[in-house]
Amino acid sequence: MIRHEVAALLAYVDSLDPTRAPLDRPAAEERLTQWCTILADVAASAPHPEGRHWDASQAVYRHITTSPYPIKPSDVSRPWADFRRDILSRHFDPVPDVDPDDAPAYRAALAAHRRAIETGQAVATPRALMPAGSREDRDRAAADRLKQFGTYVPRSVVDALASTRPSTTERRRLTVSGQADPFAVACPWGACRADKGQKCRTAGRPRHDFHDARLALAAARQDQPA
């Protein structure tokens, strides 16, 4: 949240609980600075895939109406931390479109992507539901899907080649975790039409994620009975 958003939030706090509002301007400025510091990484609002949208003012309202204690900025930042963990737990990270050997750039790309998901600035890739059945059934289904990648290669070799074959590495990760594989279907989006095994493209350039239509098609294909 930026300074004017925090100021608006504090004005809402004082409207709900005026008896605890600062008595003078220096005290109000000190409180504003403290809240700005702690809420710098908290979004004022953010969407949720199941409709339980985040709104910092609602966190304020819930605290003031349910707690006998004065509200602190951590009473907003803690619920936000729970919200963002829930959002990220529902999605998997795509392979960043950066050199995997450049560790700082790779981590920065992942962090930027996650932040964009948390605040609703990017459409996240949903985690597919695990196939129904026993653990043995899921392992057998994963093994069947892995056959499409060719003959057996020792795990040590697969790991050594992972950074040079990001698409194949990502497909193996999706398969082992039981998630739908977008590479297994062609993209139906009219402006893309990427073939099977190819990345989606925007304006002719490979994307680091997939179009929603392709994700939906892959999930539907996975759910179809064999």
Side-chain angles (χ1 to χ4, degrees), residues 1-100 102-129 170 173 177 179 202 207-212 215:
M1 297 175 67
I2 57 178
R3 192 174 181 85
H4 83 266
E5 291 173 328
V6 177
L9 188 66
L10 285 173
Y12 182 59
V13 168
D14 293 342
S15 70
L16 294 180
D17 191 6
T19 61
R20 291 185 169 130
L23 299 179
D24 52 43
R25 187 178 183 84
E29 287 291 336
E30 182 180 0
R31 181 182 65 161
L32 176 59
T33 298
Q34 179 195 47
W35 279 58
C36 284
T37 299
I38 295 177
L39 301 185
D41 293 328
V42 175
S45 62
H48 190 284
E50 293 186 356
R52 303 193 303 273
H53 300 327
W54 163 261
D55 190 320
S57 65
Q58 291 303 307
V60 166
Y61 178 84
R62 281 192 296 271
H63 179 87
I64 291 178
T65 57
T66 61
S67 174
Y69 301 105
I71 190 168
K72 308 182 297 296
S74 58
D75 295 320
V76 178
S77 62
R78 279 196 300 265
W80 164 250
D82 294 338
F83 177 89
R84 67 190 294 265
R85 275 195 299 269
D86 180 62
I87 287 288
L88 292 177
S89 71
R90 297 168 182 271
H91 305 91
F92 65 85
D93 292 318
V95 177
D97 191 18
V98 298
D99 182 357
D102 187 347
Y106 193 92
R107 289 194 296 268
L110 280 178
H113 177 76
R114 292 169 182 170
R115 178 65 178 174
I117 290 174
E118 294 163 7
T119 57
Q121 299 174 36
V123 177
T125 305
R127 292 183 183 272
L129 295 177
E170 175 67 3
R173 185 186 70 79
S177 62
Q179 300 176 32
T202 296
R207 295 165 56 96
H208 67 273
D209 56 1
F210 302 96
H211 289 109
D212 290 345
L215 293 171

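Values below: all heavy atoms of this structure, side chains included; hydrogens, waters and symmetry mates excluded.
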**Prompt:** Sequence neighbours excluded, which residues qualify as salt bridge (Lys or Arg N to Asp or Glu O under 4.0 Å) partners of E30?
**Reply:** none

**Prompt:** Under the salt bridge (Lys or Arg N to Asp or Glu O under 4.0 Å) test, which residues partner D17, sequence neighbours left out?
**Reply:**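 So D17 forms a salt bridge (Lys or Arg N to Asp or Glu O under 4.0 Å) with R20.
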
For the student: nearest non-hydrogen atoms of [X] and [Y], plus distance:
| X | Y | result |
| --- | --- | --- |
| S77 | I38 | OG-CG2, 4.1 Å |
| S74 | P79 | O-CD, 4.1 Å |
| V13 | I64 | O-CD1, 4.0 Å |
| V76 | W54 | O-CH2, 3.5 Å |
| L39 | P73 | CD2-O, 3.5 Å |
| W35 | V6 | CB-CG1, 3.6 Å |

The criterion is side-chain contact (heavy atoms from CB on, under 4.5 Å); which residues satisfy it with [X], sequence neighbours excluded?
| X | value |
| --- | --- |
| P104 | D102, R107 |
| S15 | Y12 |
| A27 | P22, D24 |
| A44 | M1, E5 |

**Asked** So, D75 side chain and K72 main chain: donor-acceptor pair closer than 3.5 Å or not?
**Response** yes

**Request:** Using atom types as modelled and distance alone, determine if a side-chain donor or acceptor of W80 lies under 3.5 Å from a backbone N or O of D41.
**Result:**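 Here the side-chain-to-backbone pair exists.
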
**Message:** Under the salt bridge (charged side-chain N to carboxylate O under 4.0 Å, His left out) definition, can you give me all pairs with a residue in residues 55-67, not counting sequence neighbours?
**Reply:**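 Not a single pair qualifies under salt bridge (charged side-chain N to carboxylate O under 4.0 Å, His left out).
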
**Stepwise side-chain contact (heavy atoms from CB on, under 4.5 Å) check, R31 with D14** = CA-CA 12 Å; R31 181 182 65 161; D14 293 342; 2.8 Å; yes

[atom2] on [Y] to [atom1] on [X], rounded to 0.5 Å:
| X | Y | atom1 | atom2 | value |
| --- | --- | --- | --- | --- |
| L16 | I71 | CG | CD1 | 8.5 Å |
| C36 | L10 | SG | CG | 7.5 Å |
| H53 | Q58 | NE2 | CD | 12.0 Å |

**Message:** Are there over 12 heavy-atom neighbours, none belonging to I2, within less than 6.0 Å of that residue's CD1?
**Reply:**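 Yes - once you tally the heavy atoms of other residues, nucleotides and ligands closer than 6.0 Å, there are more than 12.
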
**Request:** List in chain and number order the residues that pass side-chain hydrogen bond (donor to acceptor under 3.5 Å, both in side chains) with Q34, two or more places apart in sequence or in another chain; answer none if no residue qualifies.
**Result:**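 With sequence neighbours excluded, Q34 shows a side-chain hydrogen bond (donor to acceptor under 3.5 Å, both in side chains) to no residue whatsoever.
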
